[in-house]
Amino acid sequence: MNDRQVGDDVVRECLLCGRSDEPTSEHIIPQALWRRFGIDPDRDDLARYRTTLCHSHNQATSALHRRPEMLDLIETGEPVTPKTLRHLADWAVWITLLLALARGSGVLGVDESRNLLLRRFDSDKAGTPKGMRVYAARVSEYIARDNGPSHALALYGDSRVLVDQEGSPIGFSVRTGPVNASESIGLGRVALLVVGRTHPSGPGHTDRLDSAAASLGLQRILPLSTDMPDLPPTGISMSEVGKLFTVIPGGADVSLFPASLRWPYAPDEQAEQGDE
Ligand SMILES: [Zn+2]
């Protein structure tokens with residue numbers, strides 16, 4: 001993705017800093033994990049999970065994968081502890097941003113993803129980005145089902161959402177944009193859903209986000225509540241998880257969309273609820 005053809009040569013540039021000296025292949029989904037499933041990490045069809053990083057950024061990101069208990073949880077579904085859930089949530093956020101940047105679209109857009117990743121991996125001080133939420137489930141089986149709900153969300157940083165000087169949403173322009181509401185990953189015994197920071201839709205907004213995720217069997221692991229989720233193993237449809245949240249309101253449930261943007265997507269509801 002971040003390899004450039006110059007004449008006869010391919011110049012491999014670091015996805016994060018653009019340097020082309022000492023290019024290395026980065027496995028965004030760690031090789032150790034693929035191997036646990038008996039999969040060759042260098043398989044051609046897994047190319048979208050690899051990218052180019054300079055030597056120092058490869059070193060920095062590899063620390064993210066050096067969490068054997070977290071890899072155990074992904075592979076076997078155990079152990080579920082505050083530590084493994086915290087590691088899993090943190091890992092989900094950063095690999096989501098890396099995958100999104102490699103692909104050119106994501107929950108935060110390319111520039112912000114790159115800035116956050118550089119801050120994280122150059123200093124190792126940056127916490128997870130403000131307002132992002134991560135949901136997880138332990139998967140008893142992957143099921144083929146495709147009739148789940150779809151909720152429209154207005155994300156901070158999405159250029160489709162027009163905001164006033166105070167940053168409150170005032171309008172929405174429909175066109176395709178590079179921002180997705182969420183990213184979903186199903187790997188081994190774990191399903192993950194990473195959701196970007198959303199403009200509030202009214203009272204109880206974050207609780208209602210959690211309820212929407214719970215309707216598909218997912219529990220919140222970021223922010224992790226003191227009342228720790230137990231992640232009861234459940235059947236999960238990744239296609240439903242992938243469609244749960246969208247940034248395109250047409251045809252979706254708009255109850256999690258800011259009231260000021262709901263019209264014309266749900267004129268009846270707007271009339272009933274007025275200005276929340
Ligand atoms: Zn670099």
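Along the sequence shown, residues are numbered consecutively beginning with 1. One-based numbering, in listed order, for ligands and for the atoms of each.
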- Task: Please determine if Arg103 and Glu183 form a salt bridge, counting it only when a charged side-chain N lies under 4.0 Å from a carboxylate O.
- Result: yes
- Compute whether any side-chain donor of one residue and acceptor of the other, for Asp42 and His27, lie under 3.5 angstrom apart. yes
- Message: If we count only N and O atoms by modelled type, under 3.5 Å, do the side chains of Arg208 and Ser201 hold a donor and an acceptor together?
- Response: yes
- Message: Below 2.8 Å, which protein N, O or S atoms neighbour the Zn ion (ligand 1), ignoring water?
- Response: Cys14 SG, Cys17 SG, Cys54 SG, His57 ND1
- Query: Who are the ring pair (Phe, Tyr, Trp, His ring centres under 6.0 Å) partners of His57, not counting sequence neighbours?
  - Reply: none
- Message: Holding to side chain to side chain contact (heavy atoms under 4.5 Å, CB included), I want the full list of residues that pass it with Ser140, two or more places apart in sequence or in another chain.
- Response: Pro233
- Query: With sequence neighbours excluded, what pairs up with Ile143 under the side chain to side chain contact (heavy atoms under 4.5 Å, CB included) test?
  - Reply: Glu141, Arg145, Ser237
